[in-house]
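Sequence lines set the chain letters: A, B, ... in the order given, protein chains first and strands last, and positions in each chain run from 1.
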Number of protein chains: 2
Amino acid sequence: MQVEGQAPPVTPARAPRADAVRNRKKILAAAGEQITAHGPEVGMDEIAAAAGVAVGTLYRHFPTKTDLVAAVVAAYVARVADDAETALGRVEAGARAVDELTAFLGRVVEASVTDRAVKAAAQTLGAEPGDRADEDRAGVAVAALIRAGQDAGDIHPDVTVSDIYLLFSTAPTDQPPAARARWLALVTPALTTWGRQAGN
Amino acid sequence: MQVEGQAPPVTPARAPRADAVRNRKKILAAAGEQITAHGPEVGMDEIAAAAGVAVGTLYRHFPTKTDLVAAVVAAYVARVADDAETALGRVEAGARAVDELTAFLGRVVEASVTDRAVKAAAQTLGAEPGDRADEDRAGVAVAALIRAGQDAGDIHPDVTVSDIYLLFSTAPTDQPPAARARWLALVTPALTTWGRQAGN
DNA sequence: CATCAATATGAACCTAGGTTCAGTATAGAC
DNA sequence: GTCTATACTGAACCTAGGTTCATATTGATG
């Protein structure tokens, strides 16, 4: 909500030092990698080591582990929002909404596999996204996709964004690829008007 | 698997003392309640207190916390197996297999809500059921239910026990009742031959 | 009832991992 | 080049929670 191009009146707050900016980036990158690879249980020590930085520096940038994880999660949510908006763009350019929606669902599930730890982290630590903007962006885009699919008569009229979230949140990300594929095949028809006929 | 009515040849192993038996029961009961109510993170201290016993006694009966949790999980699995077999019994008595199977699915999901912590415990601690017998019982019964439903033409021919497990494991047990109900409504038709038509 | 092995007790122990902070280095301003 | 606020370092601290073990009880046996 911070509008720029306007000198802050109180608290001059000089610009952060160059090395601080550099380190912050390294920390976020390392945290993302470590949490993705080894789960949210990775120690702060390990994240610090991966970032080539001391533990204390982690705490200079993020007052608590939860905050660090929240930052990583925020990046994840932003990526999902981007994906949803891109898919919506394709639909507006003529693509079928159902296809885009289910493909989007598939991509998110697959991404959640790599980022499974991130998701788990969010639940485990109760990390609150400091900024719901990206979450809202994703919601809006998905809603538009659903609407488009319903207008085209492909998506069941009572499907909502909540339904998509509900399915996302229950994706078996800790199962092998075959199981995930099977799950998608079982669940996807729940969204369409044509359901799942015998022999499908 | 221990057959009784037959004196153990080696290792006479006198019968356990009466109070030991009593305490073991109290511990299992208390552990079930505590884990169900407060999650698998409950301290051994709290479980011990709830059982009216000292921590050391917990460790006399269960060498490790994981073992205690495993015992609780085993009880849970046994209950599910009983449920599945009862449902199968009703089918053999003339009930429709699809109905029994979906009702069973619903019951397990609802039970998982109360026992959510138990499920979580199993994953978190990697608790291995010491005895797969009950798990097998459940699997056999569910397989029979599926088969019956397929013979009746109601359940999709390619549905397997794994599918049921897959759906069980992805049930949104941490969501409010309405969301759970919605989830069931979305997922159930994935099993049937008639899918989900518009207006359903 | 005497005896003892099984059992119970619970304070102390140990480890892991998040967090702190006094000391040191350095970017940026003058 | 000097100076200082900002940033970095990493050993030490602290807490939580699982586990142990010396000591006290108690059920069973003869």
Side-chain angles (χ1 to χ4, degrees), chain A residues 7-8 10-31 34-35 37-73 117 120-122 124-127, chain B residues 7-8 11-31 34-35 37-72 117 120-122 124-127:
Chain A
V10 286
T11 322
R14 80 177 55 178
R17 256 165 54 172
D19 57 347
V21 176
R22 208 181 318 132
N23 279 333
R24 178 169 247 270
K25 280 181 187 167
K26 287 200 293 184
I27 291 170
L28 278 173
Q34 291 301 110
I35 293 179
H38 308 311
E41 321 81 63
V42 279
M44 291 294 261
D45 296 4
E46 299 179 65
I47 295 176
V53 145
V55 231
T57 304
L58 254 57
Y59 284 91
R60 167 160 283 275
H61 290 276
F62 302 94
T64 197
K65 184 178 183 177
T66 301
D67 291 299
L68 176 54
V69 172
V72 174
V73 171
T124 301
L125 297 173
Chain B
T11 324
R14 79 177 57 178
R17 257 166 49 174
D19 56 347
V21 176
R22 206 182 320 132
N23 279 333
R24 178 170 247 271
K25 279 181 187 167
K26 287 199 295 183
I27 290 170
L28 278 174
Q34 291 301 112
I35 292 178
H38 308 313
E41 321 81 64
V42 280
M44 291 295 262
D45 295 5
E46 299 179 65
I47 295 176
V53 147
V55 232
T57 305
L58 254 57
Y59 284 92
R60 166 159 286 276
H61 289 275
F62 302 93
T64 196
K65 185 179 183 178
T66 301
D67 291 300
L68 175 53
V69 173
V72 173
T124 300
L125 297 173

Going by heavy atoms in the side chains, are [X] and [Y] under 4.5 Å from each other?
X	Y	value
Lys26(A)	Asn23(A)	yes
Phe62(B)	Leu28(B)	yes
Met44(B)	Leu68(B)	yes
Val69(B)	Thr66(B)	no

So which nucleotide from [options] ends up closest to the side chain of [X]?
X	options	value
Ala54(A)	dA28(D), dG10(D), dG18(D)	dG10(D)
Met44(B)	dA27(C), dT7(C), dG18(D)	dG18(D)
Val55(A)	dT9(C), dG10(D), dA7(D)	dG10(D)
Ala20(B)	dA8(C), dG10(C), dG10(D)	dA8(C)

Is the distance from OP1 or OP2 of [N] to the nearest side-chain N or O of [X] less than 4.0 Å?
X	N	value
Thr64(B)	dG18(D)	no
Thr57(A)	dA7(D)	no
His61(B)	dA8(C)	yes

Exercise. Looking only at N and O atoms, is any donor in the side chain of Arg60(A) or the base of dT6(D) less than 3.5 Å from an acceptor on the other one?
Worked result: no

For this session: Would you state whether a donor and an acceptor, one from the side chain of Arg17(B) and one from the base of dA6(C), lie under 3.5 Å apart?
Result: yes

Rounded distance (Å) that lies between atom [atom2] of [N] and atom [atom1] of [X]:
X	N	atom1	atom2	value
Lys65(A)	dG18(C)	NZ	C1'	8 Å
Asp19(B)	dA5(C)	CG	P	17 Å
Ile47(A)	dG18(C)	CD1	C1'	11 Å
Leu58(B)	dG17(D)	CG	C1'	13 Å
Asp45(A)	dT9(D)	CG	P	13 Å
Arg22(B)	dG27(D)	CZ	C1'	9 Å
Tyr59(B)	dG18(D)	OH	P	6 Å
Leu68(A)	dT19(C)	CG	C1'	14 Å

Seminar exercise, completed: DNA chain D nearest-nucleotide lookup for Ala18(B) and Gly56(B): closer to the 5′ end is Gly56(B)

Exercise. Between Ala51(A) and Ile27(A), which heavy-atom pair has the shortest distance, and what is it?
Worked result: CB-CA, 4.0 Å

Exercise. Contact class for Gly43(A) vs. all strands (heavy atom < 4.0 Å): base, sugar-phosphate, or nothing?
Worked result: sugar-phosphate

For this session: Mind checking Asn23(A) for me? I need base, sugar-phosphate or nothing, with any heavy atom below 4.0 Å counting as a touch.
Result: sugar-phosphate

